[in-house]
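Please read the structure below before turning to the comments.
Letters A, B, ... are given to chains in the order of the sequence lines, protein chains preceding strands, and every chain is numbered from 1.
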Protein chains: 2
Amino acid sequence: MSEHYKTEAEFLKAFQANTHDTILYSIDPVIFTIKEQSLQVLMVKRKSYPFKDAWALPGGRIDKGESKTIEDAVRLKLLAKTGLDHAYFEQVMTDGGKEMDPRGWSITTVYFALVRYEDVVLEENQTRELVAWQPVEALNSLSSIAFWHHKLINASLERLRNKITYTDLPANLMPKVFTIRQLRMAYEVILDTEITRQAFVKRANHLIDKGLLVDTGEISDEVGRPAKLYEYVPESTPHVFSHSMNKTK
Amino acid sequence: MSEHYKTEAEFLKAFQANTHDTILYSIDPVIFTIKEQSLQVLMVKRKSYPFKDAWALPGGRIDKGESKTIEDAVRLKLLAKTGLDHAYFEQVMTDGGKEMDPRGWSITTVYFALVRYEDVVLEENQTRELVAWQPVEALNSLSSIAFWHHKLINASLERLRNKITYTDLPANLMPKVFTIRQLRMAYEVILDTEITRQAFVKRANHLIDKGLLVDTGEISDEVGRPAKLYEYVPESTPHVFSHSMNKTK
DNA sequence: GTAATAGTGTCTATTAGACATTATCTT
DNA sequence: AAGATAATGTCTAATAGACACTATTAC
């Protein structure tokens with residue numbers, strides 16, 4: 001769309017000349033993973049205007065020829081950015097307005113996705129933008145974040161934090177086999193609080209009873225008493241516990 | 001946009017000639033009220049193509065000059081259709097695709113709103129479309145519903161039904177003053193199940209303790225022992241109970 | 001009084017959270 | 001044996017649901 005402008009003003013002038021009287025629509029996935037015991041988000045460094053050189057979500061326009069529905073378009077974006085063709089994702093919200101994009105009235109639909117870190121293959125995209133995992137706690141110190149993407153990430157994070165108090169969503173972030181302790185640590189990393197081990201085990205037992213966590217027969221070889229290794233067998237929708245974890249704030 | 005075409009084919013031919021390579025975006029509010037002990041949705045009968053003469057949600061395009069954000073645009077639509085400038089509303093989802101609208105790739109963001117029946121003043125709009133409350137249980141028997149609006153209504157209804165099991169949302173549907181019994185009946189109408197009276201009173205007491213239901217000092221004059229009349233003083237977000245009501249299905 | 005509904009209290013089941021105890025591994 | 005963590009059990013508090021009982025009105 002935009003290629004070699006020297007300044008943003010120059011770019012916008014050329015863009016306005018082309019502008020139809022319509023709303024610009026995009027999809028922005030907030031792709032979460034757990035890497036090195038921290039919750040991280042996939043971001044790209046923009047190589048073109050607007051917000052050249054700022055960090056942004058790896059979103060963009062819908063290719064109408066390639067997708068029949070919005071969900072198709074989201075799957076395509078996830079595949080393009082992570083190489084994954086199956087990942088948990090859900091719609092968070094749609095936001096927009098006159099001020100979101102200097103090109104004019106724009107709307108974006110935000111999805112969050114949960115991916116297993118070691119399954120992701122990052123590749124620079126067609127425009128050779130830098131793609132990198134950013135720890136959520138470091139987002140404030142990023143020099144510049146494009147559009148309203150900070151707001152969109154925060155909305156996704158809030159949804160995720162709230163939803164894991166009554167669902168098994170973090171299991172989607174686990175390696176192929178993992179211990180209950182590792183799963184608990186995923187909850188702790190996302191919520192940034194400690195969770196009582198014994199209380200958590202009761203929750204995990206519900207998942208085992210439901211067949212969502214399957215004992216592999218293998219045993220972890222970490223420090224202390226060895227723990228059973230489980231595999232996650234997700235259903236089409238996340239498991240919902242009957243009660244929320246108490247918000248210990 | 002479209003005015004006097006004899007057939008849909010003729011209309012579409014004229015429309016395609018105008019089409020930019022963009023996505024058509026609209027907002028569709030699902031406005032719920034309780035009227036005559038039934039949950040009803042505000043619908044309009046379309047006077048123009050596409051889906052001429054079918055019932056549709058009272059949505060449409062965003063007027064970019066009038067609104068700075070999507071929420072502004074929703075407020076404007078609610079005002080235009082109901083005369084209300086303050087109503088509870090929340091975003092449900094954004095849906096769309098190639099097949100939703102015969103004019104081409106389209107996206108809509110769905111909001112549900114809860115309004116007090118006696119406050120609404122229905123007026124035929126600029127294009128003199130018929131505007132009417134439709135009971136949700138009668139939607140299946142409506143001869144024709146435009147676009148994917150049946151799906152959008154069902155999504156809103158599902159959200160509403162789920163959310164009232166742990167929030168005070170139905171209080172937004174009540175008359176100015178009402179009894180606990182009336183509030184309970186609103187829940188029953190929406191969920192289409194009976195709710196144990198005494199269990200419900202405990203929930204209501206939480207709302208009274210929080211100051212969300214205020215005793216007016218007045219007394220209802222219905223049959224049986226007179227009941228206290230309350231007023232709803234909503235906060236900016238709905239009250240969330242610590243536990244859901246059990247799904248008694 | 002009877003009918004009808006409001007309002008309150010009692011009992012049980014579920015579950016989270018806190019915490020103690022026992023079990024199983026490595027060094 | 002010491003250290004570490006897993007796995008299990010016990011106790012308490014909160015709350016929903018079921019249901020009994022009392023209170024207040026109209027007739």
Side-chain angles (χ1 to χ4, degrees), chain A residues 37 162-168 170 174 177-188 191 193-210 213-230 239-249, chain B residues 37 162-168 174 177-188 191 193-210 213-231 239-249:
Chain A
Q37 297 289 24
N162 183 55
K163 198 156 179 175
I164 72 172
T165 66
Y166 60 92
T167 65
D168 65 349
M174 292 290 100
V177 297
F178 55 92
T179 63
I180 301 299
R181 174 189 176 75
Q182 284 175 287
L183 182 58
R184 173 166 52 91
M185 286 168 71
Y187 279 81
E188 290 178 333
L191 294 174
T193 58
E194 294 207 343
I195 296 173
T196 313
R197 185 173 57 83
Q198 294 94 329
F200 186 80
V201 168
K202 286 181 190 168
R203 301 219 131 196
N205 284 336
H206 284 297
L207 299 178
I208 295 168
D209 292 346
K210 288 273 182 179
L213 291 185
V214 178
D215 188 340
T216 61
E218 296 173 85
I219 294 291
S220 82
D221 56 345
E222 292 175 22
V223 70
R225 171 175 169 179
K228 291 177 183 173
L229 283 165
Y230 293 90
H239 180 259
V240 176
F241 296 102
S242 63
H243 287 46
S244 282
M245 292 196 295
N246 282 358
K247 288 128 196 182
T248 46
K249 68 173 172 185
Chain B
Q37 297 290 25
N162 183 55
K163 198 154 180 177
I164 72 172
T165 67
Y166 59 93
T167 65
D168 65 349
M174 291 291 99
V177 297
F178 55 92
T179 63
I180 302 299
R181 174 189 176 75
Q182 283 175 287
L183 181 59
R184 172 168 53 91
M185 287 168 72
Y187 278 82
E188 291 178 333
L191 294 173
T193 57
E194 293 208 342
I195 297 173
T196 313
R197 184 175 59 85
Q198 294 94 329
F200 187 81
V201 169
K202 287 182 190 168
R203 302 219 130 195
N205 284 336
H206 285 296
L207 298 179
I208 295 169
D209 292 345
K210 288 272 181 180
L213 291 185
V214 177
D215 188 340
T216 60
E218 296 173 83
I219 294 290
S220 81
D221 56 345
E222 293 175 22
V223 69
R225 172 174 166 177
K228 292 178 182 172
L229 283 165
Y230 293 90
E231 193 172 359
H239 181 259
V240 176
F241 295 102
S242 62
H243 286 48
S244 282
M245 292 195 294
N246 282 359
K247 288 127 196 183
T248 46
K249 66 173 173 185

Please give, in whole Å, the distance from [N] [atom2] to [X] [atom1]?
X: B/R203; N: D/dA18; atom1: CZ; atom2: C1'; value: 16 Å
X: B/Y187; N: D/dA16; atom1: OH; atom2: P; value: 12 Å
X: A/I195; N: C/dC19; atom1: CD1; atom2: C1'; value: 18 Å
X: A/Q182; N: D/dA6; atom1: CD; atom2: P; value: 10 Å
X: B/H243; N: C/dG17; atom1: NE2; atom2: P; value: 10 Å
X: A/F200; N: C/dT15; atom1: CZ; atom2: P; value: 17 Å
X: B/H206; N: D/dG17; atom1: NE2; atom2: P; value: 11 Å
X: A/M245; N: C/dG17; atom1: CE; atom2: C1'; value: 12 Å

Quick one: are A/L213 and A/D168 in side-chain contact, heavy atoms under 4.5 Å?
-> no

Considering only heavy atoms from C-beta outward, does the side chain of B/L229 approach that of B/I219 to under 4.5 Å?
-> no

OP1, OP2 of D/dA18 versus side-chain N and O of B/T196: anything below 4.0 Å?
-> yes

By side chain to side chain contact (heavy atoms under 4.5 Å, CB included) - contacts of [X] (at least two apart):
X: A/D215; value: A/K228, A/Y230
X: B/S242; value: none
X: A/V214; value: A/V233
X: B/K210; value: B/L212, B/H239

List for me each residue that meets ring pair (Phe, Tyr, Trp, His ring centres under 6.0 Å) alongside A/Y187, sequence neighbours excluded, and say none if there are none.
-> A/F200

Within the sub-3.5 Å range, which N or O atoms of nucleotides 6-10 of chain C have a protein N or O partner, and how far apart are they?
from  : atom 1 : to     : atom 2 : distance (Å)
C/dA6 : N3     : B/R225 : NH1    : 2.9
C/dG7 : OP1    : B/K228 : N      : 3.3
C/dG7 : N7     : B/R197 : NH1    : 2.6
C/dG7 : O6     : B/R197 : NH2    : 2.9

So how far off straight is the helix from C/dG1-D/dC27 to C/dT27-D/dA1, going by the axes through five pairs at either end, to 10°?
->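 For the helix from C/dG1-D/dC27 to C/dT27-D/dA1, the axes at either end differ by 10°.
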
Who passes salt bridge (charged side-chain N to carboxylate O under 4.0 Å, His left out) against A/E188, sequence neighbours left out?
->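 Once residues adjacent in sequence are excluded, the partners of A/E188 under the salt bridge (charged side-chain N to carboxylate O under 4.0 Å, His left out) criterion are A/R184.
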
Results of side chain to side chain donor-acceptor pair (under 3.5 Å) for A/H243 - residues two or more places apart only = B/H243

